[in-house]
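In what follows, a single structure is set out as structure tokens and then discussed.
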Amino acid sequence: MLTSIFPQAIGLCAGVLLLTSTLMVWRHSLLASIGLLAAQGIGLAALVALIGVHSGDAQLLVVSVLVLALKGVVLPWILARQSRASTRTVEESPHQNPIVALLTVAGLTILSYVVLGRILSHVGAVTAHAAPIGLAMVLTGFLLLVTRRRARSQLVGFLLLDNGIATVAFLTSGGVPLFLELGISLDVLLVVVILYVFTGRMHAKFGGTDVDTLRELHD
Amino acid sequence: MTAVTAGLLAQGMLALIAAVLAFSVPPRVRSVVGGTLCALTAGAGVITGALVLVGGHGNVTLVLALPVDPLILASSRLGGLFMVVISAVGVLVSVYGIRYAHGAAASRTSWAALAAFLLGMQLVPAAGNSLTFLLMWETMAAASTVLLLADHAHRHQVSSAAIWYSAMSQLSFLLLLAGFGVLGAAGVTTFSASGASVSTTPAAGLAFVLLIIGFGSKAGLVPVHVWLPRAHPQAPSHISAAMSAAMVSVGAYGALLVCTRLLPGGPPWWGVLLMVFGGVSAVYGILQASVTSNIKVLLAHSTTENMGLVFLAVGASVLLRSYHATAAADAALLAALLLLISHALFKATLFLGAGAIQHATGEIDLDRLGGLLRRMPWTAATFGVAALAAAALPVTSGFVAEWTLLQALIHGSRLGGTPVAVVVSVAMPLAVAVVALTAGLALLTFVKSYGIAFLARPRTAQPAATEVPIGMRIPMVLGALAVLAVGVLPGPVAEMAASVLPATRAPFLHTIGLGGISIPSIGVVLDPAALVVLAAAIAVPVAMIVRILSRRHPTRMTALPWGGGGSRARPRMQYTATSYAEPLVRVFDDVLKPSRDVQVTHAGESRYLVERVQVEQRMADVVETRLYRPVLNAAQRFGVLARHAQNGRIQQYLAYSFVALLVVLVVVAV
């Protein structure tokens, strides 16, 4: 039974990932973005679990629990905690207006389908067909990094990018070894903690986290 | 281990010891120790080169840990000749430096850099592959930059000169790197293998052009000469001498290496290119020299001229060889070598003389010098001999060299009475005209520099200059004697130079009479010693008769009844260097583009009584204002634009990566 609904389930999870990514670009509220990030973490964990169950790999189930814990709970919690601490509702004013941003995301998604479609055309697996979603997430994450002004919004973009990389890894190679995943997760955690401290210091020093004001170092 | 191998190793060891001791001995004896060891290093170079010239062989191969070619030092006759010439100059400047160097020029860094500079110059001609060549070349360039910078703390022009110099050095190095790269790709990897088979391919043509511009920059050819008139006046005089006499010869060695060993038998256009490059440099260089009043700048421009003539000769040789006029081609090549030897000798002497003038008077502006003949007789005599050579007048080496060049050019256009080719028939007479014009202007230039500085009356009321110490006189005298020796007895030197030419036919050159030369293949003979004897046979009796006649009228006093101002001539009424060159500036107004500024201060209310007139004349280097200024301005504008791209916004840097990623993806997708 699982085998018959596996393609649909994979498609559903990938859809959730893409949808959350797109909404992150659309929404300007930081708290909303963090909520979407948590949802995306849960979606990613579900995807890993699905692949694990389908391939009968117990290790992947452990990884899925890890992903759920880290990307679905811990990281969003850290971000949200900080956001609440500073201001209740942080409104982002990005460099792009939402319509242009959404169109760009559509373009990027098409590009990733074109690119990965060529590369993975000979792979028949169902998971490989969903892999372009991962690349689209990477590109969308990058777009957020480029267009957002505030350090914390950029952090969201960075995490989206990381999620995208993880998605591509799971979908194309059927998961990564546990130790590798553990290492990557620790890295991401470390980066987020460092950036968390850093933005805290920025806030204390400049009274804001708008990176546009950081232009002293250009000579 | 052969003697040559030992000599090559000894040079390296001595230079190392010189550098170490320069850093360790106390300042009191530093100049003596440093100068002596530098002279020993150069002396080892002279001996090694001489051993190679008399038929010695030897090589040193140093395998590196890096995955590149090994370092190879291998003897060749051409390299041996250059090693002798360069090292001989090295000996002179090292000995001179012992007494001359003071202040920053006598620092630890300067003496150590001089050792490295000499070693680099001496080993470039011994390099056996391009890696060794470039390494030694860069040692030479870097060490000379350090030497040039010696006095940067006190004069801001030094830093500017050093920036120009290092920029041009690096440009030259990059061109050489590219040239050797192309050459390697075309199949010429070591210097022992001849690339005659690939000489006509487009790749060889590209390599040729790159290498010639690179070497031309070191030799100070127009339009890559701009470092020369800047660097020479700012460097200490013995360093200027080493740079101007020896280092530019290394550049010319590079051109000869390309034309005779790496890519022999090139197509005619190579020869034409070299001749144009050389001819333009020769005329432009001497023209600039003739109108400048700074003695060191004058000598620097004269270097450009002489190197131009060398390249002209090499070009003529390539052109003639491509039309199988071998005899004339060999003569032209011989002329190039003689020009180089002669130039190294007289230019070293001239720069050392300029150093002596600067040492004694603290002045190098000809407009403020005068009357040094009585005060500094040794300097006057040696400078005079060298100036005669620079003006290519008889009984000096310069005359022999230019005579050979003219003979080769005149006899080159006809092979056994029939014209060789149209391009040769046009190029050779033009080249003769260029050499003639250059010789005329050179005469004017050196008459000016000698006449104004030594023969005129003192112009300033400064304390009288005194002759320099003996330690500085000896190198100048040796240099002047060498100039005369080559000039009077050119035979042995010419034979030595002829022996390094690619062997074509056995007796290319004969020594005749008292060390005269004869080149039977083009049917020319020169015997300066015989001319000297002949001239003496005529002049001595005449002089004696005049002397005897003058005894009969013991004291005759001339008093002008009406002197017209001539009887009360003051030093300020004399010709200055600027006024002497003024007619020339008028003639070549279009090329020199002088800008004049005349300020007249009137006495009181009168329009007719003048209290003071101030004339200021500046010569702009046309090449610099027309070629370099636009390029530099464009670079500056580009820099300003680039600062927009590099403005410190984090998002922008991220956007660059993002766009790069997208471009990669699009390229993959297409």
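Side chains included, hydrogens not; waters and symmetry mates left out as well; all remaining heavy atoms used. Computed from a predicted structure; not experimentally measured. Chain naming here is simple, since letters A, B, ... match the order of the sequence lines and numbering starts at 1 in each.
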- prompt: Would you call the rings of B/Y165 and B/W227 parallel, tilted or perpendicular if under 30° counts as parallel and over 60° as perpendicular?
  reply: tilted

query: What residues of residues 16-24 of chain A sit under 4.5 Å from chain B when you count only heavy atoms?
result: none

query: Which pair of heavy atoms, one from B/A141 and one from B/S169, lies closest together, and at what distance?
result: CB-OG, 4.1 Å

query: So which of A/L139, A/L135, A/V114, A/L116 has the largest heavy-atom pair count under 4.5 angstrom toward chain B?
result: A/L139

- prompt: For residues A/S185 and A/K71, is any side-chain donor paired with an opposing acceptor at under 3.5 Å?
  reply: no

field: Validation row: B/H301, B/Y284 side chains within 4.5 angstrom (heavy atoms)
entry: no

message: When you measure from the side chain of A/T167 to the backbone of A/N163, do you find a donor-acceptor pair of N or O atoms at a distance under 3.5 Å?
response: yes

task: For A/Y113, enumerate each residue passing the side chain to side chain contact (heavy atoms under 4.5 Å, CB included) test, keeping only those at least two apart in sequence or located in another chain.
output: A/T109, A/P132, A/I133

message: Checking side-chain polar atoms at under 3.5 Å, does B/S166 have a donor or acceptor matched by the opposite partner on B/T145?
response: no

- prompt: Is there a donor-acceptor pair closer than 3.5 Å between any side-chain N or O of A/Q154 and the backbone N or O of A/R148?
  reply: yes

query: Sequence neighbours excluded, which residues qualify as ring pair (Phe, Tyr, Trp, His ring centres under 6.0 Å) partners of B/F215?
result: B/F133, B/W137

Side-chain heavy atoms of B/K218 within contact of B/M140, under 4.5 Å: yes

message: Non-hydrogen contacts under 4.5 angstrom with chain A: give the residues of residues 623-632 of chain B involved, or none if there are none.
response: none

